[in-house]
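A quick write-up on the structure given underneath.
The analysis underlying the following values was restricted to heavy atoms, covering all of them including side chains, and did not include hydrogens, waters or symmetry mates.
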Amino acid sequence: MEVSRQATFGILAHEDLVGAISARNATRIWYSVQSLLVAAGNGSKLLWPPRKQSAGRGKQLRDSIGVTETSSLKARTFRNVFEHYDEKLEDWMTSSKRHNIVDSNVIGPGAIQGVDPGDFLRNIDPTSWTLTFRGSRLQILPLIEALREVRDKADAIVSARRS
């Protein structure tokens with residue numbers, strides 16, 4: 001049930017993100033992105049627990065729902081960026097050559113020229129639904145599809161057990 005709940009939270013956050021982009025509400029956009037990543041990260045931790053002693057439980061859960069090792073839910077890189085943003089900002093401060101920070105933008109590629117890729121922090125391209133951070137990319141739509149698939153499979157299992 002918790003896997004379904006976290007997947008649903010992620011799907012709702014994506015729906016909020018779509019509305020926020022349409023409304024051009026920057027605060028709501030980044031709130032929605034962060035909520036999406038946290039929900040996906042929580043689902044990921046249920047399916048791939050960080051504790052070694054819980055690995056068996058995670059595998060059993062993945063097997064019961066039919067989640068493969070190639071699922072886009074597995075990676076928590078972007079969730080970690082948002083959860084540990086203070087550290088990522090310090091890393092940028094100590095590694096950036098020109099300190100041209102470009103952060104929290106809703107723009108397509110090439111909209112801003114003359115900035116090193118590592119100086120683009122949080123960015124979302126609303127046409128390709130790509131989230132970027134310092135040159136790393138996350139395709140949002142495959143993540144949403146994985147959340148829907150996991151939610152639907154988990155809901156089916158819960159419904160079958162209740163019958």
Side-chain angles (χ1 to χ4, degrees), residues 1-51 54 57-58 61-62 64-93 101-109 111-112 117-159:
M1 287 177 20
E2 188 61 24
V3 170
S4 174
R5 178 188 311 251
Q6 294 302 322
T8 299
F9 288 172
I11 293 163
L12 289 172
H14 177 252
E15 291 170 3
D16 287 349
L17 177 58
V18 170
I21 287 174
S22 293
R24 298 176 186 238
N25 183 333
T27 300
R28 191 73 180 197
I29 289 168
W30 292 106
Y31 167 81
S32 299
V33 167
Q34 185 165 313
S35 296
L36 167 60
L37 294 174
V38 167
N42 287 343
S44 177
K45 289 187 291 184
L46 289 164
L47 296 164
W48 289 274
R51 285 197 226 167
S54 301
R57 187 238 333 132
L61 184 57
R62 289 191 309 276
S64 71
I65 298 173
V67 178
T68 67
E69 291 295 316
T70 60
S71 172
S72 58
L73 288 175
K74 186 174 183 181
R76 295 191 284 265
T77 304
F78 272 82
R79 186 223 39 134
N80 291 343
V81 164
F82 280 71
E83 184 169 321
H84 305 286
Y85 189 72
D86 61 318
E87 296 168 7
K88 301 302 180 185
L89 193 55
E90 285 179 19
D91 293 346
W92 170 81
M93 288 171 47
I101 191 169
V102 181
D103 188 25
S104 300
N105 292 287
V106 183
I107 55 176
I112 298 175
D119 287 341
F120 283 90
L121 301 188
R122 296 166 291 193
N123 185 71
I124 187 168
D125 177 347
T127 56
S128 69
W129 289 98
T130 303
L131 184 62
T132 58
F133 182 82
R134 300 198 74 197
S136 297
R137 307 169 74 74
L138 173 69
Q139 297 293 322
I140 293 173
L141 297 180
L143 179 61
I144 298 304
E145 187 56 38
L147 289 169
R148 284 191 180 110
E149 185 178 326
V150 165
R151 180 204 55 197
D152 293 348
K153 288 178 178 180
D155 285 351
I157 291 168
V158 170
S159 292

Audit row: D16, R28, side-chain contact (heavy atoms from CB on, under 4.5 Å) steps and yes/no: CA-CA 8 Å; D16 287 349; R28 191 73 180 197; 3.9 Å; yes

Working for side-chain contact (heavy atoms from CB on, under 4.5 Å), residues R62 and W48: CA-CA 8 Å; R62 289 191 309 276; W48 289 274; 3.3 Å; yes

Test side-chain contact (heavy atoms from CB on, under 4.5 Å) applied to I29 and L17, step by step: CA-CA 5 Å; I29 289 168; L17 177 58; 3.7 Å; yes

Full working for side-chain contact (heavy atoms from CB on, under 4.5 Å) between L141 and H14: CA-CA 9 Å; L141 297 180; H14 177 252; 3.8 Å; yes

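Among all heavy-atom pairs drawn from I65 and K153, the shortest one is O-CD, 2.9 Å. Taking all atoms of both residues into account, the shortest heavy-atom contact from R134 to G118 is NE-O, 2.7 Å. Across A13 and L36, no two heavy atoms sit closer than the pair CB-N, 3.4 Å. Here the closest non-hydrogen pair linking L89 and L121 is CD1-CD1, 3.9 Å. Heavy-atom minimum distance, P126 versus I21: CB-CG2, 3.9 Å. Closest approach of L37 to L131, counting heavy atoms only: CD1-CD2, 3.8 Å.
Counting non-hydrogen atoms of other residues, nucleotides and ligands closer than 6.0 Å to CZ of R57 gives a total above 12.
Within the model, atoms CD of E15 and CD1 of I144 stand 9.0 Å from one another, a figure rounded to the nearest 0.5 Å. To the nearest 0.5 angstrom, E83 atom CD is 9.0 Å from Q34 atom CD. To the nearest 0.5 Å, atom CD1 of residue I107 and atom CG of residue N105 are 4.5 Å apart. Considering OG of S54 and CG of L61, their distance stands at 11.5 Å, rounded to 0.5 Å. Here the CG atom belonging to D152 is positioned 7.0 Å from the CD1 atom belonging to I11, to the nearest 0.5 angstrom. Atom CZ of R137 is separated from atom CG of D125 by 7.5 Å, given to the nearest 0.5 angstrom.
By the 4.5 Å heavy-atom criterion applied to side chains, K74 and L47 are not counted as neighbours. Between E90 and E87 there is no side-chain heavy-atom pair separated by less than 4.5 Å. Using a 4.5 Å heavy-atom cutoff, the side chains of L46 and N42 are not in contact. At a threshold of 4.5 Å between non-hydrogen side-chain atoms, the residues V67 and V150 count as touching. Residues I112 and F120 form a side-chain contact, since some pair of their non-hydrogen atoms from C-beta on lies under 4.5 Å apart.
A distance-only check finds no donor-acceptor pair linking the side chain of S71 to the backbone of T68 [under 3.5 Å]. Although no hydrogens or angles enter the test, the distance criterion places no donor-acceptor pair under 3.5 Å between the side chain of S104 and the main chain of R122. With hydrogens and angles ignored, the 3.5 Å screen pairs no side-chain donor or acceptor of R76 with any backbone N or O of A40.
Applying the side-chain contact (heavy atoms from CB on, under 4.5 Å) test between I124 and each of I140, T130, T132 identifies I140 as the sole match.
Side-chain contact annotation: D155 with S4, donor-acceptor N/O pair under 3.5 Å present.
A perpendicular orientation is assigned to the rings of F133 and Y85, their planes being inclined by more than 60° (bins at 30° and 60°).
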